[in-house]
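Just below is one structure, and these are the notes that go with it.
A quick note: this is a predicted structure, and the numbers were derived from the prediction, not measured.
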Amino acid sequence: MAILFRVFSAGTACVASVAAYSVYTSQRALHTQTKHSNEYNLFDTNDNKRRAIIIGAGVVGVSIAYALNKRGVDVVVLDASSGPGKECSAVSAGGMMRVNHAFNIDSWKDAMTSLIPVLSAIRTWQDPGHFAYSSISNWFSTFCDPHMLRWLYEFTRASIFPDAVQNTRATHMLNFTDWAINATQEVLEKDNSRLGEYCGHNKHGALALKLEYNESDETKTQNRGVQTNEKTKKNEERRKMSTKKATGFHSLEEEYEIDRKQTIKLEPWVENMTSEGVITGASFQPNAAAGDSERFTHALAKDCESNGVSFRYNTRVTGLYRNNGRITQISTEKGVILVDDHTDVAVALGAWTPRLLWTCDLWCPIYPLKGYSITINLPPKGDKNRLSDTQLPSRMVMDRYVYISRLGNQIRIASMGEYDGWNTNATEKVDALFRKHAIKHVPYITELCANQPSRCGLRPFCADGGIIIGKTHYDNLYVNVGPGFNGWKTCIGGGELLAKQMLGENTPNDVLFDSEAISCKNRVHFAPIWAKLALARWGLD
């Protein structure tokens, strides 16, 4: 299988390269002609003080700025949006569990079922009402993307043919997650937890529901459409098997099993869930937490600004230019920023990271996975329209596909992973399916849910399931991106680790992970051909 993927990827590159290169050269030539116009500096260059330019004002970029600012570094943050945390940081489910997704044959099969139309059609025929976590909107467009093809090869290799390095990385990634969450929790709990209260920091644990299909439930059978008894039986067996699969997670969370009665005692509203399946119990993680990454990003950015960090919003970065192994210029829609020998550049653009790295001939194993979420602001306590506590979640509750978080006076429902390139708009059919199942999960909030729009964010889905933090091929260029699932929980730790690397500080002796295992080494590649192909496919804008 791995050999076939190599041949397929190489063949695609060869066939496309001639046409792609001609398109790329014309675009590059146009871009090069204007790259020296309107040059300017962001800093006073008459001193030798350490400086840093952070590209991206999401929760990761702001956390890097926070860590560097504490160390006395002059920091400027660039972002295309009008403020901090406007994209993926605004739609995260908010989970802060010491858990990482495990990539294996089952996760690969789930992805392939969504990506390959024939398998998707079979799934739909078997079960018209089936709710799958991932989907694909435009198969042809997605598979004409050379970046996606190489990402898919890397994802397949990591899932089906993991080597010793991959297995070791998973261990170090889990230990890093544990350390990084502690760092984030510390910031949340500063000043008598004022920031934590503002961010809806919820320390009541998490429930992972266990569902089993109820064969006697005629209503659900009718909702799935008319099927023959034989097909229904096979479908029920398939669904039962799916609930018995390995969870697909690496975890350090304390966890114990509780039965249906105990589950309903903790969260009374789940008894009235109308989603497919019957709750038989749950895995309870008493020490798990959740928080609102959007509010956290806003508060942290405000703190950074008050301490001298400069944020340049509405500044879209379009290219990185290098000379003698360093980034020397940053192209933006407002002009070209000059980068001197005392300035480092950190890219923290989430799913947009690979698109910027293409401009300096780097390939990064990140592909956007569009997530959907609904945020519901509850009426204040005492309001006649406010639901009772027994009708509302009090902690994070999840099943295989839907995550429901209680974040202070908010409820956030998040789900779906859509392969749709870098399109941040909701796909109508996917959104309708998401909202339908959101209401089934939390029936009491149907009216509140109807009044709130769905919001989409692009998760930076890393092909090997790990975060990438460290220096790239160029001496002053760093990245912090991935892994694509609740990555906000590691933001402060990730910012600390990158700041240490940028300033040459040693990692503390008490950490249980090797920073090299989650670095760019053998993951972010100098790959001019792939970068040019990707630029030809997506353009420079």
Side-chain angles (χ1 to χ4, degrees), residues 54-64 79-81 84-95 100-101 103 107 111 133-134 142 145 147-148 150-152 154-155 158-159 169-170 173 176-177 180 184 293-294 297 317 346-359 362-373 403 414-424 455-470 472 477-495 497-498 518-520 523-525 531 534 538:
I54 314 300
I55 304 175
V59 69
V60 173
V62 174
S63 296
I64 298 169
D79 198 276
S81 299
K86 290 289 187 180
E87 279 204 23
C88 193
S89 301
V91 300
S92 165
N100 292 328
H101 280 255
F103 280 16
S107 59
Y133 178 80
S134 56
T142 301
D145 178 4
H147 182 79
M148 172 59 171
R150 180 162 178 175
W151 179 89
L152 187 58
E154 296 287 352
F155 174 64
S159 300
R169 178 177 297 125
M173 175 66 193
F176 162 77
T177 299
T184 304
S293 63
E294 181 178 26
T297 308
V317 176
V347 179
L349 284 172
W352 298 88
T353 297
R355 292 190 63 158
L356 184 58
L357 295 185
W358 296 338
T359 64
L362 295 181
W363 186 86
C364 177
I366 296 291
Y367 193 79
L369 192 63
K370 189 193 301 182
Y372 288 68
S373 80
Y403 292 75
S415 185
M416 306 302 293
E418 183 185 1
Y419 300 96
D420 192 21
W422 282 266
N423 177 12
T424 57
R455 297 194 294 176
C456 294
L458 302 181
R459 301 188 183 108
F461 192 7
C462 187
D464 62 18
I467 200 168
I468 303 174
I469 299 176
T472 68
L477 180 63
Y478 297 79
V479 298
N480 185 342
V481 63
F485 300 94
N486 283 333
W488 98 273
K489 63 192 177 187
T490 63
C491 63
I492 293 296
L497 182 60
L498 192 64
I518 56 175
S519 71
C520 297
R523 300 167 80 198
V524 177
H525 302 282
W538 290 100

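- Between the side chain of Lys370 and the backbone N or O of Cys456, no donor-acceptor pair lies under 3.5 Å.
- In this structure a side-chain-to-backbone donor-acceptor pair under 3.5 Å is missing from Thr359 to Arg355.
- In this structure, Thr297 contributes its side chain and Gly58 its backbone to no donor-acceptor pair below 3.5 Å.
- Summarising the geometry of Ala180 relative to Gly494, their closest heavy-atom pair is CB-N, 4.4 Å, with the distance given to 0.1 Å.
- Minimum interatomic distance between Phe103 and Cys462 (heavy atoms only, all atoms of both residues): CE2-O, 3.5 Å.
- Using a 4.5 Å heavy-atom threshold, the side chains of Leu497 and Asn480 count as separate.
- With contacts defined as side-chain heavy-atom distances shorter than 4.5 Å, the pair Leu349/Ile55 qualifies.
- Inter-residue side-chain proximity for Val479 and Cys364 is flagged as unmet; no heavy-atom pair is nearer than 4.5 Å.
- How far CD1 of Ile469 is from CG of Leu498: 7.0 Å, rounded to the nearest 0.5 Å.
- Checked options Leu152, Asp145, Leu458; the residue passing with Tyr367 is Asp145 (criterion: side chain to side chain contact (heavy atoms under 4.5 Å, CB included)).
- Interatomic distance, CE of Met173 versus CD1 of Ile467, reported as 5.0 Å (0.5 Å rounding).
- The CG atom of Leu369 lies 5.5 Å from the OH atom of Tyr419; values are rounded to the nearest 0.5 Å.
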> Could you walk me through whether Thr353 and Ile468 pass the side chain to side chain contact (heavy atoms under 4.5 Å, CB included) check?
Replying inline: CA-CA 11 Å; Thr353 297; Ile468 303 174; over 6 Å; no
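- Among all heavy-atom pairs drawn from Val60 and Ala348, the shortest one is CG1-CB, 3.9 Å.
- Below 30°, between 30° and 60°, or above 60°: for Trp422 and His147 the angle between ring planes is between 30° and 60°, a tilted geometry.
- For the pair Ala93 and Ala414, the tightest heavy-atom approach, listed with the atom from each and the gap, is CB-CB, 3.8 Å.
- Taking 4.5 Å as the limit, every side-chain heavy atom of Thr472 sits out of range of all side-chain heavy atoms of Val347.
- Rounding to the nearest 0.5 angstrom, the gap separating the CD atom in Glu154 from the OG atom in Ser159 is 11.0 Å.
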>> Evaluate Trp352 against Thr424 for side chain to side chain contact (heavy atoms under 4.5 Å, CB included), listing each step before the verdict.
In response: CA-CA 11 Å; Trp352 298 88; Thr424 57; 4.0 Å; yes
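- With Trp488 contributing its side chain and Gly94 its backbone, the two residues share a donor-acceptor pair below 3.5 Å.
- Arg169 contributes no side-chain N or O that, together with a main-chain N or O of Gly466, makes up a donor-acceptor pair within less than 3.5 Å.
- Of the inter-residue distances, the one linking Arg455 atom CZ with Glu294 atom CD reads 4.5 Å to the nearest 0.5 angstrom.
- Taking all atoms of both residues into account, the shortest heavy-atom contact from Ala351 to Pro460 is N-CB, 3.6 Å.
- Thr490 places no side-chain N or O within donor-acceptor distance of the main-chain N or O of Thr177, the cut-off being under 3.5 Å.
- A heavy-atom distance below 4.5 Å is not found between the side chains of Phe176 and Asn100.
- Considering all non-hydrogen atoms of both residues, Ala90 and Gly85 come closest at CB-O, 3.4 Å.
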